[in-house]
Every structure is written in C-alpha cells, then in structure tokens.
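Presented below is the structure to which this report refers.
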Amino acid sequence: MEIYKFGGASIKDADGVRNVLKVLQIMGTEDLGVVISAMGKTTNDLEGVISSYQDNDARYLDLIDELYLKHLAIITGLEMPFEGIKEVWLFRFRESGIKKVVKAIIESLKGEMLRNQSKNYSFLYDQVVSHGELLSTKIVAAFLNACDMPLVWKDARQLIKTDQKYRDAGVNWKETEHLIGSSCQGQPFITQGFIGSDSNGFTTTLGREGSDYTAAILAYCLNGTGVTIWKDVPGVLNADPRVFEKTTLLNKIPYNEAIELAFYGASVIHPKTLQPLQGKEIPLYVKSFIQPEEVGTVITAVETMEPLTPCYIVRKNMVFLKISSRDFSFIGEHNISDIFRELSLHKMQVGLLQNSAISFSLCIEDKYSKINELLKDLESHYRISHVEGVSLYTVRHYDGDAIEFIESGKVVLLKQRAQETLQLVVKE
C-alpha cells in the first residue's frame with residue numbers, strides 16, 4: 001500500500017482541496033492511504049483559542065465561531081462550479097451533509113472546553129487542536145467521495161495508540177500495528193495526521209512533524225511500498241530558496257544523510273519520520289502537488305546523495321556563548337555537566353559546541369526567551385561573554401568554493417570543521 005500525506009498548505013482553501021483531487025486523479029487511488037493535516041493555519045488558530053481560554057477570556061468561543069466560518073467558506077467554495085468538476089459531483093457534495101458534520105465537530109469542541117477540568121496544558125492542547133484534523137479530513141473526504149473517488153474515512157485515534165506524554169506522545173507499536181493491520185488493509189482510506197489516543201481513549205498528538213510521522217507509522221504497519229509527502233516545492237533542495245539564490249534539487253538521499261540534514265536544522269524530514277521507514281527500507285518521496293508528475297526527491301537505501309553537492313543550512317537569531325572558569329582553571333567534565341544541566345533547565349537547544357582547556361563555546365537557540373535567566377545562573381560560577389542575533393551556517397559535503405561562498409562578507413565568530421561538515425557562527 002502507498003501512503004500520501006498532504007499538509008495544511010496544500011488544503012488551505014477550496015482550490016487546494018480541488019488540487020488534491022487532481023493529484024489523485026493523475027496518480028490513482030488503488031491501494032492508497034491518504035493522511036491529511038489541519039487546513040492552513042488552523043492549528044495556530046486553535047492555539048489562540050487555548051490561550052484565550054486559559055486567560056479566562058470568554059471570547060475564545062468567538063474564536064471557535066470564526067474557525068467554523070473559515071471552514072464553512074471552504075465548503076462554500078467547493079460547492080461552486082469549477083473547470084473539470086462535474087455538476088453531478090457538486091450536487092453530491094452539496095447533499096453530503098458536510099455542513100452539519102462540521103457544525104457538530106465545532107459544537108463538540110465547545111463542549112470539550114466547557115467541560116474541561118484539567119489544569120494540564122499539554123492535555124488540554126491535545127484535546128483541542130486535534131479538532132483541526134477532524135474538520136479537514138471530513139471536508140476533504142466528503143469532496144473526494146462526491147467526485148467518484150471513494151476513500152473510507154478512518155479515525156486515527158482508533159488506529160494509533162500511544163502513551164500519555166501529551167503533545168509528544170510515544171507510539172505503542174504492538175497495539176498500533178494490530179489496529180492498523182486489521183482496519184486499513186485492502187481499501188483506500190483517508191485519515192488524520194498528527195493525532196492518536198492513549199489507553200484511556202483521550203486524544204494525544206505526536207509532536208513536531210506529526211502528520212509526516214503518521215504517514216510513516218501507517219506505511220510501517222502496512223508494509224507499505226512508499227510514502228509521498230506532497231509539498232509546494234519540487235522536492236528536497238540543497239538550500240533554502242528563501243535564503244539562497246541558487247539551489248539544486250536532490251534526486252536521491254540516503255536515510256542517514258536525511259537524518260544528518262534534519263539534525264543540523266534543514267527542513268527536510270524529521271528523523272522520527274524516517275526511522276520506521278528505514279527499518280523496513282520503505283522509500284519516502286518528496287514531490288510537488290503543483291507538478292505531481294515530476295520525479296521529486298526520494299529518500300531511500302542508497303549509498304550516496306545524488307547529486308553529491310554542498311548542502312547549506314542556516315539557523316538565524318541564535319545566541320553565541322563563550323564560557324570560561326573564573327580562576328582560569330580547566331573546563332572539565334563536571335563543568336560541562338553543570339553547563340548542560342542549566343541549558344536543559346532553560347530549554348535551550350544547542351546547535352554547535354566546542355571546548356578548549358579553559359573555555360567552552362556554544363551556539364544555542366533561545367526559543368523560549370530565557371537567555372537572561374540562563375546568563376544570570378551561569379554567571380554565578382563562570383565568566384560569560386555572549387553575542388545575540390548570530391547565524392549558524394552548516395555546510396554538508398563542503399568544498400573550497402563552498403567555504404569561500406559561505407564566509408564571504410561575514411564576521412566569523414567560530415569555525416568548526418569535520419570530514420563532511422563545516423559549521424560557522426557568524427555575525428552578519
């Protein structure tokens with residue numbers, strides 16, 4: 001079985017949903033499972049609902065109503081005549097009762113929040129944001145079924161069982177494999193990305209890149225022939241086109257190389273998505289939903305990347321720290337242990353580190369704006385110098401031209417070179 005995943009950007013409006021139909025018409029739906037994310041920025045909207053709710057702001061109900069109207073507008077757009085859409089399909093969609101279904105999901109969301117007694121933010125988060133995927137899959141399924149593309153709607157919470165680590169749940173693989181294997185074999189289906197449920201039936205979410213992970217879980221449990229992630233780019237590029245003018249499409253990437261790129265910050269595919277696929281050597285394709293017949297990129301069991309070219313990764317708005325002892329003594333294992341404990345307590349993500357006899361240098365991401373707290377705690381034991389607003393450049397498979405290109409016009413604060421990887425902390 002083949003698994004397709006469509007993200008929020010691909011179904012952000014009626015045109016996007018119609019394009020999903022076009023992609024499936026071109027590619028076919030035989031022996032296919034489709035994973036759908038929430039539409040557009042719906043997850044962000046639902047996070048806003050939670051924020052208002054926790055502030056005891058009754059307007060959170062108005063935000064839910066606004067979300068309902070956004071989805072209603074997409075349904076209304078899908079009801080309109082459009083080139084390539086038959087009138088009989090539109091009639092079926094209008095008669096499908098999808099507006100009542102969406103209204104019921106919205107009322108369920110309101111009821112969920114009115115009844116809530118939990119003070120656990122992560123628990124509440126999962127119960128609320130999961131409604132985005134429920135809304136999107138119901139709308140897309142109703143439209144596809146009306147257009148002679150029958151896909152059975154499946155509730156991912158009945159397929160993927162997890163622990164109770166809300167917002168980043170771990171999969172119970174044995175139970176999940178049984179449920180998916182008994183429910184999804186032999187029929188095309190559509191289900192939600194990102195969500196599952198725990199042993200008590202409460203909704204959980206799978207964390208970062210959760211919808212991609214859902215696709216990988218399904219493929220693993222069904223011994224799939226492949227997973228395709230449909231994006232608005234032609235595949236995986238050797239650099240972010242928003243930052244670099246010239247980019248190259250990577251045709252083939254080994255699993256381990258994709259994991260390396262993701263580790264250094266490339267928006268490729270999260271390692272947790274690749275791990276189950278690598279275990280069964282299931283290829284993962286990244287293709288364009290704008291040009292679905294183009295080959296795109298495949299991440300699979302190959303020896304080397306094709307073409308083998310420098311890959312550029314940049315992480316901006318980082319913080320560069322240089323830590324040294326107050327008495328000029330060595331920075332030893334116990335010091336490093338202390339420093340990492342503080343980094344963990346303040347939720348800092350380390351992008352690069354380098355140590356010498358008397359100093360320890362790091363480039364970190366201050367995602368939660370805790371740098372001042374970190375500095376205060378560290379300065380009680382160490383001498384600290386820091387520079388905010390730096391960029392961390394990583395070049396995989398660098399050569400002389402790549403080094404010259406990446407250093408040009410930049411003030412280099414720290415350079416670290418390994419056999420395959422060059423990293424620079426720069427002040428631009």
Side-chain angles (χ1 to χ4, degrees), residues 8 11 35-75 97-141 153-172 175-176 179 191-211 213-214 217 347 367-370:
I11 53 165
V35 175
I36 301 285
S37 298
M39 291 174 152
K41 301 295 184 181
T42 297
T43 301
N44 291 347
D45 292 339
L46 287 165
E47 288 174 344
V49 169
I50 299 170
S51 179
S52 292
Y53 174 84
Q54 290 206 309
D55 290 340
N56 294 315
D57 184 349
R59 285 177 296 179
Y60 78 87
L61 293 169
D62 296 331
L63 295 177
I64 295 176
D65 287 336
E66 289 176 17
L67 191 65
Y68 169 62
L69 292 176
K70 287 181 181 179
H71 285 80
L72 202 60
I74 293 174
I75 293 172
I98 185 59
K99 291 180 181 178
K100 291 182 179 179
V101 171
V102 166
K103 181 68 173 176
I105 293 172
I106 291 295
E107 292 304 317
S108 170
L109 171 58
K110 288 181 178 179
E112 188 88 52
M113 302 194 76
L114 290 168
R115 292 189 301 270
N116 175 63
Q117 299 293 321
S118 177
K119 302 297 183 182
N120 182 338
Y121 174 83
S122 294
F123 173 81
L124 177 63
Y125 182 95
D126 284 5
Q127 309 320 301
V128 172
V129 299
S130 54
H131 286 77
E133 278 71 19
L134 297 175
L135 288 165
S136 64
T137 51
K138 283 294 187 180
I139 293 170
V140 175
W153 187 88
K154 298 285 185 180
D155 189 335
R157 295 169 297 183
Q158 304 302 317
L159 301 176
I160 298 176
K161 287 296 179 179
T162 73
D163 59 22
Q164 294 179 329
K165 189 179 179 183
Y166 300 106
R167 297 192 71 188
D168 191 20
V171 176
N172 180 329
E175 188 175 1
T176 296
L179 291 169
T191 192
Q192 307 79 41
F194 185 51
I195 68 175
S197 68
D198 63 21
S199 57
N200 294 317
F202 290 114
T203 304
T204 56
T205 61
L206 302 176
R208 182 183 168 195
E209 306 296 335
S211 291
Y213 191 32
T214 298
I217 293 167
K347 299 182 178 180
K367 185 180 292 186
Y368 299 97
S369 301
K370 290 179 173 288

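- Tested against T162, the residues T204, T203, T205, D168 include a single side-chain hydrogen bond (donor to acceptor under 3.5 Å, both in side chains) partner, T204.
- For S211 against S37, the heavy-atom pair with the smallest separation is OG-OG, 2.9 Å.
- By the 6.0 Å contact criterion, OH on Y368 is open, its count of non-hydrogen atoms from other residues, nucleotides or ligands being 12 or less.
- Here the side chains of D55 and Y60 are not in contact, with every heavy-atom distance at 4.5 Å or above.
- The CG atom of L46 sits 12.5 Å away from atom CD of Q127, with the distance rounded to the nearest 0.5 Å.
- L109 is listed as a side-chain neighbour of V128, based on a closest heavy-atom distance under 4.5 Å.
- Looking only at side-chain heavy atoms (C-beta outward), D126 and F202 stay at 4.5 Å or farther from each other.
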Checklist entry - Hey, mind stepping through L179 and Q158 against side chain to side chain contact (heavy atoms under 4.5 Å, CB included) and telling me if it holds? => result CA-CA 7 Å; L179 291 169; Q158 304 302 317; over 6 Å; no
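- Note that CG of L67 and OG1 of T42 are 5.5 Å apart. Values are rounded to the nearest 0.5 Å.
- Counting heavy atoms from C-beta outward, Q164 and N200 have side chains that approach closer than 4.5 Å.
- Here the closest heavy-atom approach between residue S136 and residue M39 is recorded as CB-CG, 3.6 Å.
- When all heavy atoms of M113 and Y53 are compared, the pair lying nearest together is O-OH, 3.0 Å.
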Item to check | Chi angles and distances behind the side chain to side chain contact (heavy atoms under 4.5 Å, CB included) call for N172, I160 | outcome: CA-CA 8 Å; N172 180 329; I160 298 176; over 6 Å; no
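- In this structure, the separation between OG on S130 and CD on E112 is 7.0 Å, given to the nearest 0.5 Å.
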Item to check | side chain to side chain contact (heavy atoms under 4.5 Å, CB included) evaluation trace for Q192 with V35 | outcome: CA-CA 5 Å; Q192 307 79 41; V35 175; over 6 Å; no
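- Listed here is the closest heavy atom pair of G196 and R157: O-CG, 3.3 Å.
- Outside the 6.0 Å centre-distance limit, the rings of Y125 and Y166 are not counted as a close aromatic pair.
- At a threshold of 4.5 Å between non-hydrogen side-chain atoms, the residues L206 and T214 count as touching.
- Defined by atom type and a distance below 3.5 Å, a donor-acceptor pair is present between the side-chain atoms of T137 and W153.
- For the side chain to side chain contact (heavy atoms under 4.5 Å, CB included) test, residues two or more places apart in sequence or in another chain that qualify with E107 are K103, K110.
- T43 OG1 to H131 NE2: the interatomic distance, rounded to the nearest 0.5 Å, is 12.5 Å.
- Minimum interatomic distance between T176 and K161 (heavy atoms only, all atoms of both residues): OG1-N, 2.9 Å.
- Taking the salt bridge (Lys or Arg N to Asp or Glu O under 4.0 Å) definition, one finds that D198 meets it with nothing, sequence neighbours left out.
- Using a 4.5 Å cut-off on side-chain heavy atoms (C-beta onward), L159 and K154 make contact.
- Shown here for L63 and S52, the closest heavy-atom pair between the two residues is CD1-OG, 3.5 Å.
- Side-chain contact between I98 and I139 is present, with heavy atoms from C-beta onward closer than 4.5 Å.
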Next on the checklist: D57 vs R59, test: salt bridge (Lys or Arg N to Asp or Glu O under 4.0 Å). Steps then yes/no.
Outcome noted: CA-CA 5 Å; D57 184 349; R59 285 177 296 179; 2.9 Å; yes
Checklist entry - Should R167 and Y121 be marked as a side chain to side chain contact (heavy atoms under 4.5 Å, CB included) after you check the CA-CA gap, both sets of side-chain angles, and the distance that decides it? => result CA-CA 9 Å; R167 297 192 71 188; Y121 174 83; 3.3 Å; yes
